Amino acid sequence: VSVPEQAARVLELLRFHGEGRWVDFRELVSGCDESLVVVARFLALLELYRARAVALSQDEALGELSVSWTGGEADEEQPDPLPLEEEKIA
């Protein structure tokens, strides 16, 4: 199971719903027959979030995760985060 392949599939599903429309994670994994595919799809979401291709929302801890396509793509260049020791804490 490939995380990049799952990222492409997630973007395909979110594009179908349209930019700015919220979709439950449960719906994004409804067709997955294996738990490994669900895990890969979740990891893909994290990568897409890092690339700012998706937005994530969760009303409460361990609650339903909602995902929205921002109109971005998975391969857009994003600045590297600062190393941990250089991060500023507000």
Side-chain angles (χ1 to χ4, degrees):
V1 178
S2 161
V3 172
E5 285 175 7
Q6 293 306 311
R9 179 67 180 135
V10 166
L11 282 177
E12 179 184 324
L13 292 167
L14 292 172
R15 279 190 204 107
F16 174 78
H17 288 281
E19 185 176 344
R21 301 289 306 259
W22 293 95
V23 179
D24 290 336
F25 179 69
R26 186 181 318 262
E27 184 177 342
L28 293 176
V29 298
S30 65
C32 299
D33 295 330
E34 300 176 31
S35 59
L36 190 57
V37 176
V38 175
V39 171
R41 209 162 275 191
F42 180 75
L43 293 174
L45 273 181
L46 296 178
E47 289 295 321
L48 292 170
Y49 180 77
R50 183 172 181 260
R52 297 187 180 111
V54 300
L56 302 175
S57 176
Q58 190 174 37
D59 291 334
E60 59 188 69
L62 303 177
E64 187 68 42
L65 179 64
S66 296
V67 184
S68 177
W69 179 45
T70 63
E73 297 299 323
D75 57 355
E76 290 181 359
E77 288 291 320
Q78 297 300 320
D80 289 331
L82 294 173
L84 188 56
E85 61 273 359
E86 292 181 25
E87 285 187 3
K88 295 183 181 180
I89 300 174

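Computed from a predicted structure; not experimentally measured.
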Legend entry - Greater than 12 external heavy atoms within 6.0 Å of Phe25's CZ: yes
Inset, instruction - Grab the two heavy atoms, one from Gln6 and one from Ala44, that are nearest each other, plus how far apart they are. - result: C-CB, 3.9 Å
Legend entry - For Val38 against Cys32, the heavy-atom pair lying closest together: CG2-CB, 3.8 Å
Inset, instruction - Output all residues satisfying side-chain contact (heavy atoms from CB on, under 4.5 Å) with Ser57, sequence neighbours left out; order by chain, then residue number. - result: Trp22, Asp59, Ser66
Inset, instruction - Sequence neighbours left out, what passes side-chain contact (heavy atoms from CB on, under 4.5 Å) with Ser30? Give chain and number order. - result: none
Legend entry - Residues clustered with Phe16, ILVMFWY side-chain links under 4.5 angstrom: none
Legend entry - ILVMFWY cluster membership beyond Val37 - transitive side-chain contacts under 4.5 angstrom: Val1, Leu36
Legend entry - Between CD on residue Glu19 and OG on residue Ser68, distance to nearest 0.5 Å: 7.5 Å
Legend entry - Summary of side chain to side chain donor-acceptor pair (under 3.5 Å) pairs that have at least one residue in residues 7-16, sequence neighbours excluded: Arg9-Glu12, Arg15-Glu73
Legend entry - All pairs passing salt bridge (Lys or Arg N to Asp or Glu O under 4.0 Å) where residues 21-41 contributes a residue, at least two apart: Arg26-Glu64
Legend entry - Side-chain heavy atoms of Leu13 within contact of Val23, under 4.5 Å: no
Legend entry - Trp69 side chain near Leu48 side chain, heavy-atom distance below 4.5 Å: no
